[in-house]
Amino acid sequence: MTRQANLKQLDNAQIANILSEMAVLYAMHHVEFKPRAYEKAAESVAAFHEDIGILYKREGIVGLQKIPGVGKGIAFHIEQLLTKGSFEEYRELKAKTPVQIEELMAVEGVGPQTISMLWERLKIKNLNDLEKAARAGKIQKLPGFGKKSQEKILRGIEFLQQTGGRKPLGIALHHARELEIAVVKFKEVRKVAIAGSLRRRKETIGDVDLLICTDKPEKVTEQFLALPSVRHVFGKGTTKINVRLRNGLEVDVRVIPEESWGAALNYFTGSKAHNVALRKIAIKKGYKMNEYGLFKGKKMVAGKTEKEIYEKLEMSYMEPELREDTGEIDAAIREFHGEKPWLPKLIGYSDLKGDLQVQTDWTDGKNSIEEMALAAEQMGLEYIAITDHTKSLAMTNGTDEEKLLRQMKEIDTLNAKLRLQGKKVCILKGAEVNILKDGSLDIADEVLSQLDVVGAAVHTHFNLSLSEQTARVVAAMKNPHVDILFHPTGRLINKRKPIELDMEVVIAKAKETKTILEINASPERLDLKDNFIRRCVERGARMVIDSDAHAMEQYAFLPLGIAQARRGWAEKKDILNTFSLKEFLSQLK
DNA sequence: GCCGTTTTCGGCCCGACTGTTTTCAGTCG
């Protein structure tokens with residue numbers, strides 16, 4: 001079993017990056033069909049629910065071929081990546097074109113053919129070279145290029161340097177909704193909708209797709225371009241405009257006629273993979289499908305609503321969060337024909353009854369326990385757990401045993417006061433206990449046993465090896481007082497990588513020890529992320545969705561967590577804080 | 001290179017817009 005030994009530490013994201021580089025390299029050399037094959041494989045690897053290295057250790061090359069879009073050829077390449085860190089074709093192609101593909105591709109408007117030309121003619125290898133060449137006016141002299149292409153490249157580089165490309169869901173959603181409100185006020189606008197990855201609630205957003213339904217496209221585009229929030233116009237046509245807002249967000253606007261509303265909504269919501277799969281099915285059934293509708297010959301047979309399109313294709317309606325071509329279409333077809341397993345009945349956006357991670361001014365929160373409780377009641381919650389940080393997290397003024405006991409008394413007093421005032425919200429005694437390097441906790445069991453709910457979390461030693469980190473977290477889950485594992489992978493979106501954790505083991509142990517895994521809804525965390533949530537659902541491990549609020553207004557994070565749960569195919573029953581207080585408490589250890 | 005309600009061979013989604021052209025390639029979603 002040579003494959004057991006000496007695996008290079010390549011994670012899914014790194015493998016996906018190399019496969020996607022292969023796609024570009026083949027495209028640069030005008031190889032047909034391979035680019036799409038590699039790109040598809042890269043997407044599945046990036047979204048795969050398990051660490052591919054672990055999958056390979058367990059099941060070998062045959063296991064790798066279980067990844068959608070990965071056949072014999074690419075499985076072999078992945079094996080090479082895992083065992084040797086590279087593979088022949090990759091080395092050869094890189095030798096021919098030794099350029100920084102990922103950073104060049106990130107520039108808006110730059111694709112494989114441009115990169116190829118830049119290398120051949122100007123020996124441009126990276127973003128730095130590109131910027132210099134553009135500033136020196138060398139790009140506009142290339143065949144097929146001109147002054148405008150050169151300026152576009154410079155703007156693209158500037159944008160990348162400012163933003164790093166993608167914005168967290170929470171921020172993009174907020175800005176997009178403001179825009180939606182502004183547009184809906186235009187007189188000639190009949191309907192507005194946010195589409196794209198934002199409608200699917202992906203954790204980060206490249207740009208906003210805004211659909212506008214109107215009979216007067218010229219007038220509406222004119223009004224839109226005159227909005228004070230529009231800073232720069234990249235392009236405008238009769239049905240499509242592309243702008244950058246003052247807040248840095250890039251927006252694609254499509255103007256849609258009423259009869260095509262559903263087709264356009266479907267088309268621009270994506271994902272691309274979901275669309276491609278739908279269109280293939282449409283073709284098989286003798287239709288043609290585009291953003292204007294579903295057509296039999298020249299006759300439009302559906303398009304006004306998404307539902308009627310799906311029905312014509314003999315599938316049930318799929319919620320936007322499911323549309324990633326990861327099994328939802330098969331499930332929708334089965335459901336339409338009355339066969340199981342059906343699509344999940346996703347947890348709804350108003351299904352949460354509690355929040356199990358709330359910090360207060362006892363540590364690093366902004367508001368008092370009482371303020372947080374009253375705000376929770378306003379949000380329609382029935383219970384919250386106060387989970388201030390514990391002592392080993394010195395920078396947050398963490399609580400020790402003595403302080404925790406005092407806080408418990410205060411919570412008793414407050415609960416009594418709230419009852420007298422006729423309030424319904426109940427405050428649970430909790431803590432966000434630190435998991436120390438060896439998996440033990442920084443608060444004594446005797447005190448933990450007096451709390452209603454105990455959350456444990458990793459806040460230090462992020463760099464342990466896979467086996468050490470997994471063992472550490474499992475040890476904490478085995479503690480009979482630990483009810484919830486908070487933000488299990490510790491990642492910060494666009495800032496900090498997740499800790500090395502064997503999630504298959506963590507999920508199995510969570511089930512075994514009756515430890516709940518948290519979906520932390522804080523916009524910078526969204527941890528667990530969607531693919532792990534889906535794995536928990538499949539394995540029957542239980543979860544909660546928490547805001548991790550450090551201030552009253554942060555309960556508004558909860559819908560972001562619900563969105564991730566929906567992307568992970570979670571139903572109400574999978575998320576324990578959809579239960580009433582009594583039911584919830586009965587589920588704890 | 002992948003994949004199968006047309007298939008183990010022969011296909012592989014579709015349209016808008018831009019820039020530099022004068023009929024189209026490249027990029028994007």
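In what follows, chains are A, B, ... by sequence order, proteins preceding strands, each numbered from 1.
Computed from coordinates, the A/Tyr38 OH to B/dC3 P distance equals 13 Å when rounded to whole Å. Spacing between atom CD1 of A/Ile139 and atom P of B/dT18 amounts to 21 Å, rounded to whole angstrom units. Summarising the geometry, the separation between CD1 on A/Ile67 and C1' on B/dC2 is reported as 14 Å, rounded to the nearest angstrom. The CD1-C1' distance, from A/Ile281 to B/dC14, rounds to 16 Å in whole Å. Taking atom OH on A/Tyr287 and atom C1' on B/dT5, their separation rounds to 15 Å, with Å as the unit. Taking atom CD of A/Glu151 as the reference point, atom P of B/dG19 lies 9 Å away to the nearest angstrom. Distance A/Phe268 CZ to B/dG15 P: 12 Å, rounded to the nearest Å. The NZ-P distance, from A/Lys148 to B/dT21, rounds to 13 Å in whole Å.
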Give the intermediate values and the outcome of side-chain contact (heavy atoms from CB on, under 4.5 Å) for residues A/Leu278 and A/Met315.
-> CA-CA 10 Å; A/Leu278 283 188; A/Met315 43 185 91; 3.6 Å; yes

Can you check side chain to side chain donor-acceptor pair (under 3.5 Å) on A/His77 and A/Glu88, steps first, answer last?
-> CA-CA 8 Å; A/His77 290 335; A/Glu88 186 75 36; over 6 Å; no

Side chain to side chain donor-acceptor pair (under 3.5 Å) evaluation trace for A/Thr269 with A/Arg199 = CA-CA 6 Å; A/Thr269 295; A/Arg199 184 164 177 240; 2.8 Å; yes

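Of the side-chain N and O atoms in A/Asn290, one or more sit less than 4.0 angstrom from OP1 or OP2 of B/dG15. A sub-4.0 Å separation between OP1 or OP2 of B/dG15 and a side-chain N or O of A/Lys288 is present. Side-chain nitrogen and oxygen atoms of A/Ser271 include none within less than 4.0 Å of the OP1 or OP2 phosphate oxygen of B/dG29.
For the pair A/Leu142 and A/Pro68, both in contact range of DNA chain B, the more 5′-proximal nearest nucleotide belongs to A/Pro68. When the nearest nucleotides of DNA chain B are assigned to A/Ser149 and A/Glu250 by heavy-atom distance, the more 5′-ward of the two goes with A/Ser149.
Residue-level contact check: A/Asn242 touches neither bases nor backbone, having no heavy atom under 4.0 Å from any strand. If you check every strand for non-hydrogen atoms under 4.0 Å, A/Glu291 touches sugar and phosphate atoms only. Residue-level contact check: A/Lys240 touches the backbone only, with heavy atoms under 4.0 Å from sugar-phosphate atoms and none from bases. Within the nucleic acid shown, A/Pro35 has no heavy atom closer than 4.0 Å to any nucleic acid atom. When heavy atoms are screened at a 4.0 angstrom cut-off, A/Leu278 is found touching no nucleic acid atom at all. Nucleic acid contact for A/Lys72: sugar-phosphate only, since backbone atoms but no base atoms lie under 4.0 Å from a heavy atom of the residue. Counting non-hydrogen atoms under 4.0 angstrom, A/Asp252 reaches the backbone sugars and phosphates but no base.
Here the separation of B/dG11 from B/dA16, taken at their C1' atoms, is 26 Å to the nearest Å. When the P atom is compared between B/dC12 and B/dG19, the two are found 32 Å apart, to the nearest whole Å. B/dT21 and B/dA25 have their P atoms separated by 14 Å, given to the nearest Å. Taking atom C1' in both B/dT20 and B/dG26, the straight-line distance is 11 Å, to the nearest Å. Distance check on atom P: B/dT6 versus B/dC14 gives 16 Å, rounded to whole Å. For the C1' atom pair drawn from B/dC17 and B/dT23, the interatomic distance equals 15 Å after rounding to whole Å. Distance check on atom C1': B/dT8 versus B/dC3 gives 9 Å, rounded to whole Å.
Pairing of B/dG26, defined by two Watson-Crick or G-U wobble distances under 3.5 Å, is identified with B/dC17.
We find that A/Lys147 and A/Glu151 are not joined by a salt bridge, their nearest charged nitrogen and carboxylate oxygen being 4.0 Å or further apart.
In this structure, the side chain of A/Arg534 does not engage the main chain of A/Arg567 through any donor-acceptor pair within 3.5 Å.
Of the listed nucleotides (B/dA16, B/dG26, B/dT6), B/dT6 has the atom at the smallest distance from the side chain of A/Lys284. Nearest to the side chain of A/Gln113, among B/dG26, B/dC28, B/dG1, sits B/dG26. Distance from the side chain of A/Ala37 is smallest for B/dC2 among the nucleotides B/dG29, B/dC2, B/dC12. Taking the side chain of A/Tyr267 as heavy atoms from C-beta on, and the options B/dC12, B/dC14, B/dT27, the nearest nucleotide is B/dC14.
No donor-acceptor contact under 3.5 angstrom links the side chains of A/His274 and A/Glu324, judged on distance only. Under the 3.5 Å distance criterion, with hydrogens and angles disregarded, no donor-acceptor pair is assigned to the side chains of A/Asp527 and A/Asn520.
The base of B/dG15 has none of its N or O atoms less than 3.5 Å from a complementary donor or acceptor on the side chain of A/Tyr292.
Under the stacking criterion of a centre-to-centre distance below 5.5 angstrom and an interplanar angle below 30°, A/Phe33 is not stacked against the six-membered ring of B/dC2.
For the atom pair CG (A/Leu560) and OG (A/Ser522), the distance works out to 8.5 Å, reported to the nearest 0.5 Å.
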